[in-house]
Novice: 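One structure follows; several queries about it will come next.
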Amino acid sequence: MGSLMLRTTTFRRITMGVAVGTLLLLSPPPVEAASPPPSVPAGAAVPARISLTCGTSVNPNTLSRPETITSTRIGRATVSLRDGHRGGRIYLWARITGARRGDTVRLDWTDFGLGGRRHQCSATVHTGSDQHTVAAQYMQSGGDHREFRACGHHGGVTRCTRWMP
C-alpha cells in the first residue's frame, strides 16, 4: 500500500512540475519595469497605467517630415522614437527595424500634469523586419506636456529609449 501511495505522490509532483514549466514557457516575455519620466519631481506621485489603447490611431505613414528623435539598439534591431506633422500638430510613434517575426514595438506616453494618465500602444512584427505603432499627438498645456519613449522586444531582450522631450 505504501508503495502505491509513493508512486501516486511522485506522479502528482511530476505532473505539477510539467504544468508549471509549460506555463512558464508559454507566458509572455518579461516587460521592463515602468519608470517615470525624468521630469517627475522626487517624491511626486507617479500616475497609474490606466490606458493600454492606441489613442486616435493615426497612421504614421500619413504624416509629413518624419524624423527620428532618439533610438536604441537591441542586438541587430533598432528601436526608434519618431515624430511627424499633420495639420500644424506633432505626432510621435515607435518603430522597430531589423526585427524578426514575433518581435514587438511599444509606444509609451504620459500625461503628467494633464490628468496624470499613462498610456501604452504596441504592435507585433508579423512579416518582414520592420514595424511601427500608431502615432499619438504631442500635447502641451502651460508648462505641462506629454512625454514619450519607444520600447522594443527582440531576441528575448526588452529595451527602451530615453523619455522625450
Side-chain angles (χ1 to χ4, degrees), residues 24-86 88-141 143-165:
L24 289 172
L25 286 173
L26 295 176
S27 63
V31 176
E32 178 182 296
S35 60
S39 65
V40 176
V46 177
R49 183 179 309 137
I50 60 168
S51 178
L52 297 177
T53 65
C54 295
T56 57
S57 297
V58 173
N59 183 343
N61 294 324
T62 66
L63 303 174
S64 63
R65 301 187 319 265
E67 65 180 346
T68 298
I69 300 170
T70 185
S71 62
T72 189
R73 295 201 43 91
I74 311 170
R76 294 182 177 166
T78 301
V79 177
S80 303
L81 179 64
R82 299 186 41 90
D83 75 353
H85 303 263
R86 182 170 78 183
R89 295 187 172 127
I90 300 172
Y91 293 85
L92 290 96
W93 70 95
R95 179 177 74 173
I96 191 168
T97 57
R100 294 187 300 250
R101 183 178 181 186
D103 289 348
T104 58
V105 61
R106 183 181 82 222
L107 177 67
D108 294 348
W109 73 96
T110 62
D111 289 338
F112 287 105
L114 296 170
R117 292 172 299 197
R118 172 120 182 217
H119 310 268
Q120 288 187 340
C121 179
S122 64
T124 302
V125 177
H126 295 289
T127 60
S129 60
D130 300 350
Q131 183 65 49
H132 62 76
T133 65
V134 296
Q137 183 181 346
Y138 175 80
M139 296 178 74
Q140 186 172 356
S141 175
D144 297 322
H145 58 277
R146 282 186 170 166
E147 294 189 5
F148 296 82
R149 75 176 178 178
C151 299
H153 186 81
H154 170 74
V157 176
T158 299
R159 190 162 290 146
C160 299
T161 64
R162 65 186 189 272
W163 286 96
M164 297 296 291

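What you see is a predicted model, and the numbers here were worked out from it, not measured in a lab.
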Novice: Only one of Thr124, Thr158, Thr104 forms a side chain to side chain donor-acceptor pair (under 3.5 Å) with His153, so which one is it?
Specialist: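 Only one option passes, and that is Thr158.
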Novice: What closest approach, in Å, do Asp130 and Gly98 show between heavy atoms, and which atom pair accounts for it?
Specialist: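 That would be OD1-N, 3.4 Å.
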Novice: About how many Å separate CZ of Arg149 and OG1 of Thr110, when rounded to the nearest 0.5 Å?
Specialist: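 Rounded to the nearest 0.5 Å, the OG1-CZ separation comes to 9.5 Å.
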Novice: Roughly how far, to the nearest 0.5 Å, is CD1 of Ile96 from CZ of Arg159?
Specialist: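 Arg159 atom CZ to Ile96 atom CD1 measures 11.5 Å (nearest 0.5 Å).
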Novice: Who pairs with Thr70 by side chain to side chain donor-acceptor pair (under 3.5 Å), at least two apart in sequence or on another chain?
Specialist: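 Listed in chain order: Arg162.
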Novice: Where do Asn61 and His132 land on the side chain to side chain contact (heavy atoms under 4.5 Å, CB included) test, with the steps shown first?
Specialist: CA-CA 10 Å; Asn61 294 324; His132 62 76; 3.6 Å; yes
Novice: Mark yes or no for whether Thr133, through its side chain, and Trp93, through its backbone, hold a donor-acceptor pair below 3.5 Å.
Specialist: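 Checked: no pair found.
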Novice: Kindly indicate, with the supporting measurements, whether the criterion side chain to side chain contact (heavy atoms under 4.5 Å, CB included) is fulfilled by Asp103 and Gln131.
Specialist: CA-CA 9 Å; Asp103 289 348; Gln131 183 65 49; over 6 Å; no
Novice: For residues 74-84, dump all side-chain donor-acceptor pairs below 3.5 Å to protein atoms at least two apart in sequence or in another chain.
Specialist:
unit_1, atom_1, unit_2, atom_2, d
Thr78, OG1, Arg73, NH1, 2.7
Arg82, NH1, Thr68, OG1, 2.7

Novice: Can you check whether Gln137's main-chain N or O pairs, donor with acceptor, with Arg146's side chain at less than 3.5 Å?
Specialist: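 Answer holds: yes.
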Novice: Starting from the C-alpha separation in whole Å, work towards a yes-or-no answer on side chain to side chain contact (heavy atoms under 4.5 Å, CB included) for Arg118 and Asp108.
Specialist: CA-CA 7 Å; Arg118 172 120 182 217; Asp108 294 348; 3.4 Å; yes
Novice: For residues Val125 and Ala99, report the shortest heavy-atom separation together with the two atoms involved.
Specialist: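 Closest pair (atom of Val125, atom of Ala99, distance): CG2-CB, 3.9 Å.
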Novice: I need the Glu147 CD to Met164 CE distance, nearest 0.5 Å.
Specialist: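 Glu147 atom CD to Met164 atom CE measures 9.5 Å (nearest 0.5 Å).
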Novice: Which heavy atom of Ala150 sits nearest a heavy atom of Ala94, and at what distance?
Specialist: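 Heavy atoms only, the tightest pair is CB-CB, 3.6 Å.
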Novice: Quick one: closest heavy-atom pair of Trp163 and Trp109, and the distance?
Specialist: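 Looking at all heavy atoms of both residues, the closest pair is CZ3-CA, 4.3 Å.
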Novice: I need the Tyr138 OH to Leu92 CG distance, nearest 0.5 Å.
Specialist: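 Reported value, rounded in 0.5 Å steps: 9.0 Å.
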Novice: Nearest 0.5 Å please: distance from the CZ atom of Arg106 over to the SG atom of Cys151.
Specialist: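 Rounded to the nearest 0.5 Å, the CZ-SG separation comes out at 4.0 Å.
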